[in-house]
Engineer: 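My structure is below; once you've seen it, I'll send some questions.
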Amino acid sequence: MPRFILPQLERVYDTLDELEKGAFCAKSFGGPLSLTIQIILSVSLAYILTIWPVWCVLRYYEYVRLMDDGRSLYGITGFILCQYALAKLALSTKYRGFFMSVFHYAVAMGAYLVFIINPMSIKDSYPWLIRLVGFEF
């Protein structure tokens, strides 16, 4: 993802910055249009990036299903590995002075904790991933 999608996103955010400043003949509505596009883009990216924590949580529950002891160690290890991968992605993205440029990373990083505490909420958000992994609650 970083190699292919993030360079394209940098161009999109550059264009949105220009639009906000009044480029492309959008002097009066450039700011609100840019903000609207950034919100839609950020929510979409949050959904896409949250696939990784959901997959980590599903793998955790699949692995510890029959265990009696030591579940928390696997949960903590999964948390660290999940956060490390997302942090590497976040560090490769340029912060543009507006929280919407990094909002999706914050949502994805918090998703691991949300789904590890309440795994049944995965059924509402990512039912297709549950079928893909072959996990059963």
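Because the structure is predicted, anything quoted here is derived from the model rather than measured. What's counted below: heavy atoms across the whole structure, side chains too, no hydrogens, waters or symmetry copies.
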Engineer: For the hydrophobic clusters of this structure (ILVMFWY residues joined by side-chain heavy atoms under 4.5 Å, transitively), does one cluster hold both V102 and I40?
Structural biologist: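 Hydrophobic grouping puts V102 apart from I40.
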Engineer: Check residues 106-129 and write down every donor-acceptor pair under 3.5 Å in which the side-chain atom is one partner and the other belongs to a residue at least two apart or another chain.
Structural biologist:
from : atom 1 : to   : atom 2 : distance (Å)
Y112 : OH     : G75  : O      : 2.9
Y112 : OH     : F79  : N      : 3.4
S121 : OG     : N118 : O      : 2.7
Y126 : OH     : Y47  : O      : 2.7
W128 : NE1    : Y47  : OH     : 3.0

Engineer: Under 3.5 Å, side-chain donor or acceptor atoms of residues 48-58 against the rest of the protein: list the pairs with distances, not counting sequence neighbours.
Structural biologist:
from : atom 1 : to  : atom 2 : distance (Å)
T50  : OG1    : A46 : O      : 2.4
W52  : NE1    : C82 : O      : 3.4

Engineer: Nearest 0.5 angstrom please: E136 CD to E62 CD, how far?
Structural biologist: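 So the gap between those two atoms works out to 8.5 Å.
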Engineer: What's the spacing between Y60 OH and I76 CD1 if we round to 0.5 Å?
Structural biologist: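 One gets 9.0 Å once the value is rounded to the nearest 0.5 Å.
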Engineer: Going through the checks in order, is the side chain to side chain contact (heavy atoms under 4.5 Å, CB included) test met by M67 and Y74?
Structural biologist: CA-CA 11 Å; M67 294 178 87; Y74 287 104; 3.3 Å; yes
Engineer: Counting distance only, does the side-chain N/O of S42 pair as donor-acceptor with the main-chain N or O of I39 below 3.5 Å?
Structural biologist: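 Absent.
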Engineer: Run R71 and Y61 through side chain to side chain contact (heavy atoms under 4.5 Å, CB included) and show every step you take.
Structural biologist: CA-CA 9 Å; R71 288 178 163 203; Y61 277 112; 5.5 Å; no
